[in-house]
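Reading through the structure tokens given below for one structure.
Computed over heavy atoms, backbone and side chain alike; hydrogens, waters and symmetry mates excluded. If you're wondering where the values come from, they're calculated on a predicted model, not measured in any experiment. First the proteins, then the strands, lettered A, B, ... as listed; each starts at 1.
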Protein chains: 2
Amino acid sequence: MAIPRPGKPVRGSQSGAPIMAAFDLLGRRWAMGIIWNLSSGPATFRGLQAACETISPSILNRRLKDLREARLVERTLDGYQLTESGSALFRHLHPLGDWAIGWARLVADEEE
Amino acid sequence: MAIPRPGKPVRGSQSGAPIMAAFDLLGRRWAMGIIWNLSSGPATFRGLQAACETISPSILNRRLKDLREARLVERTLDGYQLTESGSALFRHLHPLGDWAIGWARLVADEEE
DNA sequence: GTGCAACGCTACGATAAAAATAGCGCTCCG
DNA sequence: CGGAGCGCTATTTTTATCGTAGCGTTGCAC
């Protein structure tokens, strides 16, 4: 599956709105989890696989290809790591960590 | 598909880390797009369908069920709208709009 | 009071994405 | 020369999503 190109029709926007292209890419399974796991530094293929706990190598590989093509991840001698763009993205994703904790509490309370 | 429960095993975290539960939910197709479209106010089912441009009613319905169960979206007389939690989430998602514009430029430059 | 249009969905078969598992070719070390 | 660990690929099965048709209901205009 080719990565969504801003400016060309993407899921959610025929006119190719960047945010919809981003959602298309980040909405692919494991994409955000991989970025989250890479935020603490470079990781090898198997290291990432272990960090993700249950990802299969085939999908990890496919997602890494997507993220590399989208210039969010790059490969170096240390393994895979976030690009500058990927790090910038992570800085925006990071606050979700705290939000998720509050959300988890709310969901837990309501399911009683 | 049941929604991921923080605290129980979820994709990416056997221990149920809230952020991974959130990524599991938000990583489902259209989930973030729906939240984005709802951020400007309540919308009806068909209104949302039109805003998303190419979503099918079956998947829109399923995703709305997910998001409602996760307490991010609720149904009112005006149609579907973000809950308080959903709005808080959107405030964190909103900056991605600007980031995506910069990212789009980068991707466009590099594919020449 | 009866069309007719629009709404909120549901049903269902087709297609595409993801998961699970096995294992290949390679390098590094003892 | 093993043997272990690596980065990945291949293949099959399962699951998610798509696309389309259309049902039951409501709100008008007539």
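- The number of heavy atoms from other shown groups lying within 6.0 Å of CZ (R62(A)) does not exceed 12.
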Could you list the protein-to-nucleotides 8-10 of chain D atom pairs, N/O on both sides, closer than 3.5 Å?
residue : atom : partner : partner atom : Å
dC8(D)  : OP1  : R75(A)  : NH1          : 2.5
dC8(D)  : OP1  : R75(A)  : NH2          : 3.3
dC8(D)  : OP1  : Y80(A)  : OH           : 3.4
dC8(D)  : OP2  : Y80(A)  : OH           : 2.4
dT9(D)  : OP2  : N61(A)  : ND2          : 2.2

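- With rounding to whole Å, L77(B) atom CG is found 13 Å from dG8(C) atom P.
- Using a 4.5 Å cut-off between side-chain heavy atoms of Ile, Leu, Val, Met, Phe, Trp and Tyr, with links allowed through other members, L38(A) and I3(A) fall into the same hydrophobic cluster.
- When the P atom of dG8(C) is taken as reference, atom CD1 of I34(B) falls 14 Å away, rounded to whole Å.
- A heavy atom lying under 4.0 Å from DNA chain D marks the following residues of residues 12-32 of chain A, by number: R29(A).
- In this entry the distance linking CD1 of I59(B) with C1' of dT15(D) reads 12 Å, nearest Å.
- A straight line from CG of D66(B) to P of dA16(D) spans 10 Å, rounded to a whole angstrom.
- Note: CG (L48(B)) to P (dC9(C)) measures 11 Å, nearest angstrom.
- Atoms CD1 (I55(B)) and C1' (dA16(D)) sit 13 Å apart, rounded to a whole Å.
- M1(B) places its CE atom 13 Å from the C1' atom of dA19(C), with the value rounded to the nearest Å.
- Taking CG of L89(A) as the start and CG of L67(A) as the end, the distance is 9.5 Å to the nearest 0.5 Å.
- Side chain to side chain, T83(B) and S85(B) fail the donor-acceptor criterion of an N or O pair below 3.5 Å.
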Q: Assess whether side chain to side chain contact (heavy atoms under 4.5 Å, CB included) is satisfied between I59(A) and R29(A), documenting all intermediate values.
A: CA-CA 9 Å; I59(A) 188 66; R29(A) 209 143 290 173; 5.6 Å; no
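- A donor-acceptor pair is defined here as one N or O able to donate and one able to accept, closer than 3.5 Å; no such pair exists between the side chain of R11(B) and the backbone of W30(A).
- Spacing between atom CZ of R62(B) and atom C1' of dT15(D) amounts to 10 Å, rounded to whole angstrom units.
- Annotation: E84(B), atom CD; neighbour count of heavy atoms from other residues, nucleotides and ligands within 6.0 Å does not exceed 12.
- Looking only at side-chain heavy atoms (C-beta outward), Y80(B) and L60(B) stay at 4.5 Å or farther from each other.
- Nearer to the 5' terminus of DNA chain D, by closest-nucleotide assignment, is the contact made by G79(A) (compared with the other of G79(A) and R63(B)).
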Q.
Walk me through whether W99(A) and R91(B) qualify under side chain to side chain contact (heavy atoms under 4.5 Å, CB included).
A. CA-CA 10 Å; W99(A) 170 84; R91(B) 283 193 287 279; over 6 Å; no
